[in-house]
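Just so it is clear: chains get the letters A, B, ... in the order the sequence lines come, proteins before strands, and each one is counted from 1.
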Amino acid sequence: MSLRLYDTMTRSVREFVPRVPGTVGIYLCGLTVQSPPHIGHLRSAVNYDVLRRWLLHAGYQVTFIRNITDIDDKILEKSVAAGVPFWSLAYANERILADHYARLGVLPPTYEPRATGHVPEMHQLIEKLIEDGYAYPAADGSGDVYFDVTKFEAYGQLSGQRPDHMQASPDGPDRAKRDPRDFALWKGAKPDEPVEARWPSPWGPGRPGWHIECSAMCWRYLGPEFDIHGGGMDLVFPHHENEVAQSRAAGLPFARYWVHHGLLNLGGSKMSKTDGNVIDLPAVEASGVRAVELRYYLAAPHYRSVIDFSDDALQEAAAAYRRLEGFVQRATELVGGASPARKGRKPALNPAFVAAMDDDLNTSRALAVVHDLVREGNAALAAADKGAVSRILPEVRAMLDVLGLDPLSPQWSQSRGGELRGVVESLVALALEQRAAARARKDWAAADAVRDQLKAAGIVVEDTPAGPRWTVEKPGGA
RNA sequence: GGCCGUAUGCCCGAGGGGUCAAGGGCUCAGUCUGCAAAACUGAUGCUGGUCGGUUCGACUCCGACUGCGGCCUCCA
């Protein structure tokens, strides 16, 4: 049994066979950094992070490229409006993006190339396309270069679009196209555009078209042919369609599997900056949901299904995650916590979990396996069955680790409060002693008062057969 | 107009042609507990958008319809 993935090109689930045994090259379309990311963007990153971790777990050497589009119409427009160079706006957003990725536990890519750093590669591709008759410089002297859609017979294969059935685009300003469906490879500089947004080219100063950058960067970092190309469903057409077209026309075999994830909707339509129906990580955290809980929320449904964002569903996901987390914490308190993996040998994963993940990354089913095992673990915990607990705990953590959700991974387990932690510990210990004394003399009112006061301070006390245990509630709570 | 996708209980969300339709949340009851919390156990769907068809048998396959969403213009 091995990984099977849904491939958009063939519209079917196919067994994943890497081009070179033992290695996988993945290209994920990252963001156009025109503004800070919303959680739809983060879903993209999390979905691919799960794929990547699953491949790593399977023993592949994974080269993961995720690009940054740091020049485009909107970036330019916004930067002009703000009176700053486009690159400063792009970079500011890029840094926020990197921070949000990191806070969600998304592994850094192998490399994160920027569009503006690959203009020479784009020129090479464009020149080849012109030479071979697939592209042409506009006849109006604008400096634009267009891809000639009619010259590439397979155009429309990825998206299932038939060029003759496509709605004519209201291509107002796009002048000298031979066919309305042709798309820009290179955009000649317009007089009112900032000089810093111009690069010299054989066709005059200008800047890259949107699609060509990805073809150039795939080629540069993954070679003429690579394993997996991905992005959101909304990129299938025209972005990915155009990418394949120009890459294949230029003689590059390009991606072997196309993996697209579902979008995240809010209020009945996809979350989008342009529509303003956007929620971002800080907003989620302000509602009392931690980053790891958001990750659970984003990773639990199948990656190809649409998520209709709702605060209720997010809270439910957070509760579900806390159940898993609670077991891991209590189990670790009982039997100690050796790291599940990274010790030469990883614990064998539950076969049902493996089967679910191999089946086009069915994280829902995989998590059901985790929950089942946690129930068993909780029962063992209640019975103080150390043997069972120490068998189950590493299994649970190993599975959660594949999903980037192991509560004890350094990513999530950093204790809040830093150096004040010790102070809090001794103060709580003091309070608990008083409560223990009150309980000993059956003064329940006094005992409960202590518990209530701690609770008000954000510290939750629970009595267990092994004595009271306490945890710090979410920050800012109550 | 064209191309995709989707429709599951109070909510989120999987499955597989034929044992009880995963798992989580919520609610209720029970166990444990001084109480609480956590945990565990049990309960909650004559029904799977609608209508047809295929089949011995479909929620699961096919078709139509309806609703919703995505794309055809920048978009994860």
Side-chain angles (χ1 to χ4, degrees), chain A residues 8 11 28-32 34 37-48 66 69 72-74 77 156 159-172 174 181 183 210 230-239 241 260-265 268-275 296-297 300-302 304-308 310 312-324 326-327 330 352 356 359 362-372 374-383 439 442-445 447-448 451-452 455 460-465 468-469 471:
Chain A
T8 307
R11 253 156 243 120
L28 169 62
C29 276
L31 290 206
T32 300
Q34 50 138 328
H38 56 63
I39 59 175
H41 299 128
L42 298 179
R43 178 191 191 184
S44 175
V46 167
N47 285 162
Y48 274 89
R66 185 186 59 216
T69 299
D72 90 315
D73 292 354
K74 276 192 182 149
E77 196 180 299
S159 59
Q161 298 279 338
R162 299 231 331 253
D164 45 313
H165 278 159
M166 296 198 306
Q167 206 168 49
S169 84
D171 239 340
D174 274 332
R181 294 157 308 203
F183 57 89
W210 177 31
M233 298 271 196
D234 55 350
L235 295 186
V236 175
F237 193 93
H239 185 50
E241 189 71 70
H260 292 101
H261 67 263
L263 301 179
L264 196 148
N265 287 185
S269 58
K270 77 169 172 176
M271 197 168 278
S272 137
K273 294 161 190 165
T274 352
D275 297 346
Y296 182 97
Y297 174 69
H302 186 86
R304 280 192 291 111
S305 66
V306 174
I307 296 180
D308 255 305
S310 83
D312 286 350
L314 178 61
Q315 298 291 348
E316 287 175 12
Y321 180 73
R322 274 186 240 116
R323 181 180 131 80
L324 304 178
F327 165 72
R330 278 173 278 120
D359 183 11
N362 193 326
T363 48
S364 290
R365 232 165 75 208
L367 279 168
V369 175
V370 178
H371 273 104
D372 281 340
V374 162
R375 189 182 321 109
E376 199 185 318
N378 275 328
L381 223 37
R439 294 184 75 202
K442 297 204 191 299
D443 183 351
W444 307 127
D448 291 350
R451 189 171 60 194
D452 290 346
K455 166 95 175 165
V460 179
V461 178
E462 296 167 33
D463 292 316
T464 77
R469 70 185 286 268
T471 45

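Rounded to whole Å, the separation between the C1' atoms of B:G63 and B:A58 comes to 15 Å. The separation of B:U27 from B:C46, taken at their P atoms, amounts to 22 Å, rounded to a whole angstrom. Here the separation of B:C12 from B:G52, taken at their P atoms, is 28 Å to the nearest Å. On the C1' atoms, B:U41 is 44 Å away from B:U54, given to the nearest whole Å. Nucleotides B:C10 and B:U44 have their C1' atoms positioned 10 Å apart, rounded to a whole Å. Nucleotides B:G69 and B:G53 place their P atoms 31 Å apart, quoted to the nearest Å. Straight-line distance between the C1' atoms of B:C61 and B:G17: roughly 8 Å, to the nearest whole Å.
Annotation: the span from A:L264 atom CG to A:H41 atom NE2 amounts to 10.5 Å, rounded to 0.5 Å.
A search for side-chain contact (heavy atoms from CB on, under 4.5 Å) contacts involving A:D234 returns A:L263, A:K270, not counting sequence neighbours. Checked against salt bridge (charged side-chain N to carboxylate O under 4.0 Å, His left out), A:E77 has no partners two or more places apart in sequence or in another chain. By the side-chain contact (heavy atoms from CB on, under 4.5 Å) test, A:S159 pairs with A:Q161, A:V236, A:F237, A:E241, sequence neighbours left out. Residues passing the salt bridge (charged side-chain N to carboxylate O under 4.0 Å, His left out) test with A:K74, sequence neighbours excluded: none. Under the rule for a ring pair (Phe, Tyr, Trp, His ring centres under 6.0 Å), the partners of A:H239 that lie at least two apart in sequence or sit in another chain are A:W210, A:H211. Remark: A:F327 pairs with no residue by the ring pair (Phe, Tyr, Trp, His ring centres under 6.0 Å) rule, at least two apart or across chains. Under the side-chain contact (heavy atoms from CB on, under 4.5 Å) criterion, A:P301 pairs with A:S305, A:I307, sequence neighbours left out. In this structure, A:H261 has no ring pair (Phe, Tyr, Trp, His ring centres under 6.0 Å) partners at least two apart in sequence or on a different chain.
Mapping A:S305 and A:E376 onto RNA chain B by nearest heavy atom places A:S305 at the nucleotide closer to the 5' end. Taking for each of A:M271 and A:P301 the nucleotide of RNA chain B with the nearest heavy atom, the 5'-most of the two is the partner of A:P301.
Distances shorter than 4.0 Å separate some side-chain N or O of A:N378 from OP1 or OP2 on B:C40.
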Under a 4.0 Å heavy-atom criterion, the protein footprint on nucleotides 25-30 of chain B, written with B, S and -, is S-----
Encoded 5' to 3' (Watson-Crick or G-U under 3.5 Å; [ ] crossing; | other strand), RNA chain B becomes (((((((..(((.....[....))).(((((.......))))).....(((((..]....))))))))))))....
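Using a 4.0 Å cut-off between a side-chain N of Lys or Arg and a carboxylate O of Asp or Glu, A:D463 and A:R439 qualify as a salt bridge. Checked for salt-bridge contact, A:D448 and A:R451 meet the test: a charged N lies under 4.0 Å from a carboxylate O.
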Measure all distances between protein nitrogen or oxygen atoms and nitrogen or oxygen atoms of nucleotides 32-38 of chain B, and list the pairs falling under 3.5 Å.
from, atom 1, to, atom 2, distance (Å)
B:G34, N7, A:R439, NH2, 3.2
B:G34, O6, A:R435, NH2, 3.4
B:G34, O6, A:R439, NE, 3.3
B:G34, N1, A:D448, OD1, 3.0
B:G34, N2, A:D448, OD2, 2.8
B:C35, O2, A:R451, NH2, 2.6
B:C35, N3, A:R451, NH1, 2.9
B:C35, N3, A:R451, NH2, 3.4
B:C35, N4, A:D463, OD2, 2.7
B:A36, N1, A:D463, N, 3.0
B:A36, N3, A:R451, NH1, 3.1
B:A37, N1, A:D463, O, 3.4
B:A38, O2', A:R330, NH2, 3.4

I'd like a list of close polar pairs between nucleotides 3-5 of chain B and the protein, N/O only, cut-off under 3.5 Å.
from, atom 1, to, atom 2, distance (Å)
B:C3, O2', A:S159, O, 3.2
B:C3, O2', A:G160, O, 3.3

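Nucleic acid contact for A:H38: base, since at least one base atom lies under 4.0 Å from a heavy atom of the residue.
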